[in-house]
Each structure stands twice: as C-alpha cells, then as structure tokens.
Colleague: 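Input: one structure, supplied below.
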2 protein chains.
Amino acid sequence: MRQILDRIADKWSLLVIALLEKRTLRFTELRKSIDGISQRMLTTTLRQLERDGLIERTVYPVVPPRVDYALTELGCTLHDTIKALVVWTETNQAKIIAARRRYDERASEKLW
Amino acid sequence: MRQILDRIADKWSLLVIALLEKRTLRFTELRKSIDGISQRMLTTTLRQLERDGLIERTVYPVVPPRVDYALTELGCTLHDTIKALVVWTETNQAKIIAARRRYDERASEKLW
DNA sequence: CGGAATCCGCACTGATACTG
DNA sequence: CAGTATCAGTGCGGATTCCG
C-alpha cells in the first residue's frame, strides 16, 4: 500500500502522467517535455508505470524505431486526482513561498 | 513549482498530513503511527511542512516537554486532494498488484 | 519527551558509451 | 530513435549519541 503510494508520489511519475493525459507521446517527446530528466530515469520511470498498468507501451517495428506511450484506463482515473494536486500547488504556491520567507526570517533573527 | 510539488508528493509528508487531519498529534504519537519512519526523517519532514505553512508546531514549556502538531488552514485545504490520492490507492491497489504480477510473468517467460 | 548533531553506507542518479 | 550497460559520485536517510 505505502509501496504503491511511494511509486505514484514519485516526482517524475507525476509529471509523466500529467503529460500523457493530453495525448500519446513518444519517448523523445517526453524527454524534451520534462526538463532535467535523464534518459536513464525516464526509461526507469516508464517501466515502473508500465509494470503497474498505468501506461501502455506500443512498439512499432519500423526503422528508425518508434515507441508510443499512452495512459491506460487505470492511468486515466489516477490522473484526475493528480490533477487536483497540481492545481492545488499552482493555486497555493504564492502562500507557500510567503510562508517560507516568514519562516526563514524568523530563523535568521534567532541567530542574534 | 516543481520544487513545491516534490515536497508535497513526498511519501512521509503525505502520511503526516493524512494523520494530522483527524486530530492534533504529539511527536511520539506520529512516530508510532508511521511505521518505519526514523526520528530524523520525522523531524525533517515536520520542519519542512512547518516551513511551508502547512502544519503548526506548538511547544508547551513543561517537563517533560510536549510538542503538538496540527494542520493549518492551508494544510487542511491540501488534505482534501491528498485524501483523494490515498483513496485512489486503496481502491486500485488490487489492480496494480495484479498488473505487476502479469508484467513480471511475461518478463520471466521471455527469458526462455 | 522531543529534539540536534554527527557519522557513514549505499541507493539513487547522472554521465558516458554502445546497440538493434 | 529508443533504448541497455557500466561506472562513478553524492546526497539522502538510518543509526547512534548527546542535550534541555
């Protein structure tokens, strides 16, 4: 249970699912869309999500290779709750940044 | 933005917020409730959540010391979306476990 | 009781090189 | 293009100790 929550709460997994909700994407498209992710981590993340039945991997036997990633039905149901989390973050990020500033200021005052 | 999402999507943070929604808890109560968390990680997690203005830390000047942790108003609004995530996990964990089994079986077949 | 501080291992991650 | 394989480093997190 917590094992599942850990996987889902992974930073890269959230982003991949958020991106795939809009449409099917190829490997390179995902890599370009997610700033800062390495090829290795993208591969690892996609494999885990595929293993959990959240995304579907389609390989086209062409040259050059083409692999599409899409949300499964299960993945779509997850996306709804993830989106709520993203929306909350967008809505409240100003408050959080302000709270951090207050906290850090109080902390630095106590040094004197 | 992603920095905030990372903090919130942290495995320990999710659990702490989920627990504090029911009622205010003391440090030791949290540690007992969250199986597998070390004292260090609980302290770190609580500090970060406090810094972000999601929980409130109340110190009572008594002996032995007593420290209460409670959700702030901002933390309460976050809890709603987190709860959706937890509920989703509970609802679908059977499907995920089944998907993993299928995936692993297919993988082991391909070794022959 | 509720921490802070220190040490330390290793798992995660990135970088690189290679392949079908 | 979409990976796999290998290796190196580093930072997270556990264990321990000490303190108000």
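Labels below follow one simple rule: chain letters A, B, ... track the order of the sequence lines, proteins then strands, and each chain is numbered from 1. Values reported hereafter were calculated over all heavy atoms of this structure, with side chains retained and with hydrogens, waters and symmetry mates removed.
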Colleague: For A/Y103, what are the other residues in its hydrophobic cluster, where any two members join if their side-chain heavy atoms are less than 4.5 angstrom apart?
Modeller: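 Via sub-4.5 Å side-chain contacts, A/Y103 links to none.
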Colleague: For A/Y69 and D/dC1, is the shortest distance between a side-chain N/O and OP1 or OP2 below 4.0 Å?
Modeller: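 No, A/Y69 has no side-chain N/O under 4.0 Å of OP1/OP2 on D/dC1.
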Colleague: Could you pull out all residues at least two apart from A/T72 that satisfy side chain to side chain contact (heavy atoms under 4.5 Å, CB included)?
Modeller: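 Applying side chain to side chain contact (heavy atoms under 4.5 Å, CB included) to A/T72 gives A/E56, A/L74.
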Colleague: Should we count CD of A/Q93 as having more than 12 external heavy atoms under 6.0 Å?
Modeller: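 Enclosed: over 12 neighbouring heavy atoms sit under 6.0 Å from CD of A/Q93.
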Colleague: Any residue in residues 29-58 of chain A with a heavy atom nearer than 4.0 angstrom to DNA chain D? Just list them by number, or reply none.
Modeller: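 Contacts with DNA chain D under 4.0 Å: A/Q39, A/R40, A/T43, A/R47, A/R57.
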Colleague: Hey, can you pull the donor-acceptor pairs under 3.5 Å for the side chains in residues 14-35 of chain A, sequence neighbours left out?
Modeller:
residue: A/R26; atom: NH2; partner: A/P65; partner atom: O; Å: 3.4
residue: A/E29; atom: OE1; partner: A/R26; partner atom: N; Å: 2.7
residue: A/S33; atom: OG; partner: A/E29; partner atom: O; Å: 2.8

Colleague: Taking side chain to side chain contact (heavy atoms under 4.5 Å, CB included) as the definition, give me every residue that meets it alongside A/T81, ordered by chain and number, with sequence neighbours left out.
Modeller: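 If we apply the side chain to side chain contact (heavy atoms under 4.5 Å, CB included) test to A/T81, skipping adjacent residues, the hits are A/L78, B/A84, B/L85, B/W88.
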Colleague: What residues join B/Y60 in its hydrophobic cluster, counting side-chain heavy atom gaps under 4.5 Å, either direct or through other members?
Modeller: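 Besides B/Y60, the cluster holds B/V62.
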Colleague: Heavy-atom contacts under 4.0 Å between residues 6-26 of chain A and DNA chain C, which residues?
Modeller: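 Here the set is empty: none.
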Colleague: For residues 36-43 of chain B, run the donor-acceptor check on the side chains, cut-off 3.5 Å, and write out each pair with its distance to 0.1 Å, sequence neighbours left out.
Modeller:
residue: B/S38; atom: OG; partner: B/M41; partner atom: N; Å: 3.2
residue: B/T43; atom: OG1; partner: B/Q39; partner atom: O; Å: 3.0

Colleague: Excluding sequence neighbours, so at least two apart, what forms side-chain hydrogen bond (donor to acceptor under 3.5 Å, both in side chains) with A/K11?
Modeller: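 Scan of A/K11 (side-chain hydrogen bond (donor to acceptor under 3.5 Å, both in side chains), adjacent residues dropped) gives none.
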